2 protein chains.
Amino acid sequence: MANDSQIRKYWVLSVSIKVAVLSPISWRTPPRHYGPWESVVSLLTEELVRMGLDVTLFATGDSQTGGKLVAVCPRPYSEDPAVNPKVAECLHIAEVFERSADFDLIHNHFDFLPLTYSGLVATPVLTTIHGFSSPSIVPVYEKYNGRSHYVAISEADKSPELDYIATVHHGIDITQFPFTEADGDYLLFFGRIHPDKGVHEAIQVAQRVGIKLLIAGIIQDHDYFHTRVEPYLDGETAEYVGAVGPAERAAVLGRARALLHLISFDEPFGLSMVESLACGTPVIAFGRGSIPEIVKHGETGYIVANIEQAIEAVAEIRLLDRAACRADAEQRFSHTRMASDYFRVYREILNLERHDEE
Amino acid sequence: MANDSQIRKYWVLSVSIKVAVLSPISWRTPPRHYGPWESVVSLLTEELVRMGLDVTLFATGDSQTGGKLVAVCPRPYSEDPAVNPKVAECLHIAEVFERSADFDLIHNHFDFLPLTYSGLVATPVLTTIHGFSSPSIVPVYEKYNGRSHYVAISEADKSPELDYIATVHHGIDITQFPFTEADGDYLLFFGRIHPDKGVHEAIQVAQRVGIKLLIAGIIQDHDYFHTRVEPYLDGETAEYVGAVGPAERAAVLGRARALLHLISFDEPFGLSMVESLACGTPVIAFGRGSIPEIVKHGETGYIVANIEQAIEAVAEIRLLDRAACRADAEQRFSHTRMASDYFRVYREILNLERHDEE
């Protein structure tokens with residue numbers, strides 16, 4: 001057990017910690033439009049800066065931060081075809097490790113590749129695992145398990161082979177998602193247009209209940225869009241409003257009667273659900289992946305097993321209190337909560353490492 | 001100027017040097033069939049072992065060496081679709097750097113990615129640049145220029161932005177390519193079936209001179225094969241014999257009247273030309289890339305500018321002395337010459353590094 005003076009000592013040491021945050025370079029940090037990993041990194045970084053930590057963000061050259069910015073890749077590779085992604089990413093990763101002596105901690109948001117550099121430096125590395133793109137990447141995490149530190153973004157996304165120092169749910173900037181008391185006359189799909197995300201399932205529900213579905217998001221799978229979505233875009237059953245930028249996002253989310261999130265994969269964390277709740281809009285979702293950790297059944301939405309149950313849930317959605325959805329998002333999914341969770345993890349790692357040195 | 005006792009000191013130090021050789025893992029080292037980088041690595045490694053160096057080969061688990069083998073990837077990713085190449089390659093590279101303290105020198109044959117780990121270890125790294133797959137990879141070499149050591153595989157392949165410690169031409173195991181005194185009744189194309197390699201140009205020459213063209217090699221560009229090669233495979237003009245394995249290679253090369261190497265790109269180094277010369281078969285080639293460094297015009301072949309000149313060269317090819325081709329390959333392109341060149345480079349690097357430490 002740590003005594004009071006020890007706790008004070010760690011606290012003082014911790015608030016002055018120098019942390020390097022390694023962001024992806026697929027998009028700007030924060031992203032202009034799409035870019036969920038970069039968005040989380042930006043919210044965390046700016047809150048850590050506000051809390052007084054000495055933060056250096058490693059991101060694309062056009063990124064924006066109140067901390068220090070280090071960039072070797074001037075523009076995001078998803079926005080600039082002249083950038084060779086493989087070249088840009090290894091130079092980007094090498095940069096943070098070559099400067100590792102300047103930092104107390106490296107916080108990696110760049111998937112598995114940086115782990116393979118982590119054994120060559122003394123600075124502890126914390127990796128937020130934003131999801132496993134494939135089971136084939138798990139061996140890298142297994143190799144560094146116990147030598148490096150991992151954070152899961154949901155209990156559901158934990159791999160049984162790995163040890164995690166904590167689970168930290170993502171947070172959003174609640175102020176960007178104002179509460180809307182009265183609901184509107186449409187159901188909403190909000191996310192990538194991809195079979196995983198259940199756009200077609202949402203259309204089926206909308207058809208059956210006779211309430212229009214608004215579809216917002218980037219088209220990731222064009223075949224799927226043309227065959228399973230486009231035929232229903234008659235303006236009555238469904239309407240596609242494209243990718244909705246930060247400015248209109250809250251309005252589209254807040255005026256919906258419910259968000260339909262009928263996914264067919266184990267989503268590591270569903271940011272759109274949290275954004276919806278913040279606006280007061282309850283969620284109807286299949287109970288896969290992180291959903292049972294996000295949606296409180298019968299309180300902030302309904303977790304359903306199939307299309308029939310989703311239809312019943314729409315009929316009952318107005319029984320839920322939109323203010324309760326808002327309150328839950330404020331309490332559990334703000335970026336300030338996320339940053340303070342990570343701060344606690346940083347302190348724990350520095351404490352552990354200090355202990356190792358003794 | 002080093003005095004005799006200094007030279008002796010470095011020599012003694014050098015023969016006992018511990019070198020890690022980092023091979024690609026696309027194919028086995030040595031490759032079963034195709035795999036030019038892995039082939040060069042194997043020839044070098046085995047000769048260094050024979051010379052008495054303490055050599056550790058980092059390669060696929062099924063590789064063969066008289067030195068020590070370290071493998072994290074059991075099978076080549078080009079032969080096993082279950083291997084995730086990106087995962088396998090970063091674990092493979094990390095392994096050699098995590099063990100860097102065990103070695104006096106790391107000799108990298110794995111392109112640019114290992115360079116981004118090189119700044120994190122004290123052990124000097126020598127990289128043989130086996131060719132630039134694209135100008136977009138040059139920035140990695142530029143970043144580590146002056147901090148790491150580069151070998152070019154030909155003068156032609158040198159990038160003006162980079163400093164090289166040496167140019168070391170590849171060598172082959174001459175004993176695998178016995179001399180054939182009498183030529184045969186066919187012309188030969190030997191290499192990947194790809195527009196870069198000039199298969200169609202070789203067919204045009206064969207058609208015009210009325211001598212059959214034998215085509216040997218893996219089909220890399222199937223469209224090109226179907227449209228520009230297959231229509232001429234009538235058994236008279238041209239015949240495709242598939243990829244020729246190590247056992248039949250010398251027979252196919254040695255019985256040709258000439259090798260046609262009418263490439264349309266700046267090939268970093270043409271191994272097939274050297275193999276052909278070793279068998280006594282002269283080369284008719286366009287003067288691009290490494291060709292002027294390999295073919296001695298009017299002595300071991302003809303360097304030509306166009307199809308017309310190639311046709312004239314075929315008419316004159318019997319004026320050349322096949323024994324002279326063999327002798328030149330023995331003298332300039334043996335793997336023992338290659339290994340002794342690299343040994344000289346290793347000594348120079350260790351000498352430089354020792355000097356830096358003083």
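In this text, all values refer to a predicted model and were calculated from it rather than measured experimentally. In what follows, chains are A, B, ... by sequence order, proteins preceding strands, each numbered from 1.
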Inset, instruction - Decide, yes or no, whether a salt bridge links A:Asp221 with A:Arg192 under the criterion of side-chain N to carboxylate O below 4.0 Å. - result: no
Inset, instruction - Let me know if A:Phe112 has heavy atoms under 4.5 Å from chain B in its side chain, its backbone, both or neither. - result: side chain
Legend entry - Which atoms of A:Val121 approach chain B - backbone, side chain, both or neither, heavy atom under 4.5 Å: side chain
Legend entry - Check: A:Gly67 main-chain N/O paired with A:Thr65 side-chain donor or acceptor under 3.5 Å: yes
Inset, instruction - Would you mind telling me which of B:Ile93, B:Ile137, B:Leu113, B:Leu91 has the largest number of heavy-atom pairs within less than 4.5 Å of chain A? - result: B:Leu91
Legend entry - B:Ser26 backbone acceptor or donor facing B:Ser78 side chain under 3.5 Å: yes
Inset, instruction - Validate the cation-pi geometry between B:Arg99 and B:Phe103: distance from NZ or CZ to the six-membered ring centre under 6.0 Å, angle to the ring axis within 45°. - result: no
Legend entry - Structural part of A:Tyr144 lying under 4.5 Å from a heavy atom of chain B: side chain
